[in-house]
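As structure tokens, the structure follows; a few thoughts come after it.
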Amino acid sequence: MSGDILNDIVAACLELERKAASVFRMFAADAGSDDARRFWETVAGETRNHSTVYERLRAGGGSEPLPLIIYKPAETLEELEMIGKSIDEQVERYTEVPSSESACLLGFRLQLYLLHPAFASLCRLTKDAAGEDRADIGYGRYLRRFIDGIGSCGLATAETELLGEALFRLWNEARQLAAQSHFDALTGVMTRAGFFKTVGPLAYAAQRSGSNVGIMLIDLDYFKLVGDNYGHQTGDRILQLVAETITAHLRRSDVVGRYDGDEFVVYLSPVEPASLRTVAENLRRSIEEESARMVPVTASIGVAQGFLGADVDQGLEELVRLADECLMQAKYTGKNKVVVK
């Protein structure tokens, strides 16, 4: 996925959230009670705050771009543009005969639009960058406050209560499905498919900026013996520990995936070629030290780095191939070592 369409998708999401906030402010101006006015003003402010956080992320991501998974980007951008047109049509109908009931229904419709998977990816990106799911940007908490607020300000009906519960369940199920498709349930890092979907736009950004790209393949030595000697549950805990150790020793802009079984893959950019060996050696040593507290394991690491040429996908594939060659060399020449090309 090219970086340009990714930027267009982020811009479209930001525009839709700003548009939704504007509509909520209009509801506040039309409100027939102080409670309803305060409720819609609060919703508008929280919705606008999401956009502010995303804008700050985008502005600060130039030197270290952050991963954003978007499935079928061209179709996603088209869907977001259609949502924008639909909002304009719905608002036009509302302004012809404004009422608290139509405001509630349109409010729920707007929240449904903001459940589009593209927004879920932005929420996950925000959480990854901040290091925590802060209350003011946690979309689930925001959605629950919206649903409860409809009732607390006297706007609730049996229909809106049903809509609210259906909306919250839809958000929760969509969030779980998105996580299952892109993140490994055992280790919490990305799946192989999720990893390559994520690094695609980052690789295009690295090519445009002329940044060096590094790929690491990390394979645990004699891992089969861990399961044979200590049981598969212990093996699972070791994999979780290794994933945590790798993630803890890298930047937030680096991407970690479970490549296959007991093998992990890492994308790093921008990187200094001379520092890659040091980073890999620190990882190797940390895996050995951290696992010793449970069951001692070691890791072999293959590292490749370089600039991506005109064909970004082919360049990325070549770096993975070279990293795999280095990994095989590390395995065949004694294990528990780093080989860099």
Side-chain angles (χ1 to χ4, degrees), residues 67 124 127-128 131-133 176 178-199 214-268 271 275-305 319-341:
R124 186 179 302 115
K127 178 180 177 181
D128 290 343
E132 57 184 349
D133 190 11
Q176 293 175 5
Q180 290 171 8
S181 63
H182 295 303
F183 291 89
D184 179 54
L186 176 64
T187 63
V189 301
M190 290 185 176
T191 61
R192 183 170 179 162
F195 174 86
F196 284 105
K197 281 184 179 293
T198 300
V199 302
I215 292 289
M216 289 186 189
L217 286 176
I218 305 167
D219 187 73
L220 301 185
D221 302 322
Y222 305 110
F223 184 71
K224 184 178 182 299
L225 296 179
V226 174
D228 292 343
N229 295 332
Y230 298 95
H232 293 297
Q233 288 186 337
T234 299
D236 286 348
R237 289 198 294 272
I238 287 292
L239 289 174
Q240 291 168 341
L241 177 64
V242 169
E244 292 168 2
T245 302
I246 295 171
T247 303
H249 284 77
L250 297 174
R251 302 167 298 186
R252 292 196 183 279
S253 57
D254 299 329
V255 185
V256 183
R258 188 177 179 188
Y259 196 65
D260 184 27
D262 60 329
E263 190 173 353
F264 296 85
V265 59
V266 179
Y267 171 94
L268 310 94
V271 292
S275 68
L276 268 176
R277 178 178 292 277
T278 301
V279 173
E281 286 286 1
N282 287 339
L283 275 177
R284 183 197 60 77
R285 186 169 53 252
S286 297
I287 290 171
E288 187 173 14
E289 292 172 353
E290 293 296 326
S291 65
R293 304 175 185 178
M294 187 182 305
V295 174
V297 296
T298 61
S300 299
I301 304 178
V303 185
Q305 60 80 31
L319 285 180
V320 174
R321 186 188 68 79
L322 291 173
D324 189 53
E325 284 186 1
C326 291
L327 175 61
M328 292 301 101
Q329 184 179 342
K331 300 289 278 189
Y332 292 144
T333 57
K335 299 182 173 59
N336 192 23
K337 63 168 60 177
V338 172
V339 174
V340 180
K341 180 171 288 188

When you measure from the side chain of Arg237 to the backbone of Gln240, do you find a donor-acceptor pair of N or O atoms at a distance under 3.5 Å? no

Does the side-chain contact (heavy atoms from CB on, under 4.5 Å) test come out yes or no for Val303 and Ile215, once each step is laid out? CA-CA 6 Å; Val303 185; Ile215 292 289; over 6 Å; no

For a quick test of reading the model, state the closest non-hydrogen atom pair linking Lys341 to Glu325 and the distance between them. NZ-OE1, 3.0 Å

Within-4.5 Å side-chain heavy-atom neighbours: Leu268 and Val266: yes

Closest heavy-atom contact between Ala280 and Ile301? O-CD1, 3.4 Å

When rounded to the nearest 0.5 angstrom, what is the spacing between CD in Glu289 and CZ in Arg284? 9.0 Å

Over all atoms of both residues, closest heavy-atom pair of Val226 and Ile238: CG1-CG1, 4.5 Å

Does Met216 reach the side chain of Leu276, with side-chain heavy atoms less than 4.5 Å apart? yes

Can you give me the closest heavy-atom contact between Leu217 and Ala323, atom names plus distance? CD1-C, 3.9 Å

Do NZ/NE/NH1/NH2 and the carboxylate oxygens of Arg285 and Glu288 come within less than 4.0 Å? no

Under 4.5 Å between any side-chain heavy atoms of Val271 and Arg251, yes or no? yes

Do side-chain atoms of Asn229 reach the backbone of Leu225 as a donor and acceptor pair under 3.5 angstrom? yes

Stepwise side-chain contact (heavy atoms from CB on, under 4.5 Å) test for Gln305 and Leu319: CA-CA 7 Å; Gln305 60 80 31; Leu319 285 180; 5.5 Å; no

Is Phe195 close to Val255 at the side-chain level, that is, under 4.5 Å between some pair of heavy atoms? yes

Which atom pair, heavy atoms only, marks the closest approach of Ala243 to Thr187? CB-CB, 3.7 Å

Hey, could you give me the CG/OG1 distance between Leu250 and Thr245, rounded to the nearest 0.5 Å? 10.5 Å

Between Phe264 and Leu239, is there a side-chain heavy-atom distance shorter than 4.5 Å? yes

Any side-chain heavy-atom pair of Ile218 and Leu283 under 4.5 Å: yes

Tell me if a side-chain donor or acceptor on Asp324 pairs with a main-chain N or O of Val320 at a distance below 3.5 Å. no

Taking every non-hydrogen atom, the tightest pair across Glu290 and Leu241: O-CD2, 3.5 Å

Salt-bridged, Asp221 to Lys335, with N to O below 4.0 Å? no

Would a 4.5 Å heavy-atom cut-off, applied to side chains only, mark Ser300 and Leu327 as touching? yes

I'd like to know if Arg192 and Asp260 make a salt bridge, using a cut-off of under 4.0 Å between side-chain N and carboxylate O. no

Answer whether the closest heavy-atom distance between the side chains of Thr298 and Ile287 falls below 4.5 Å. no

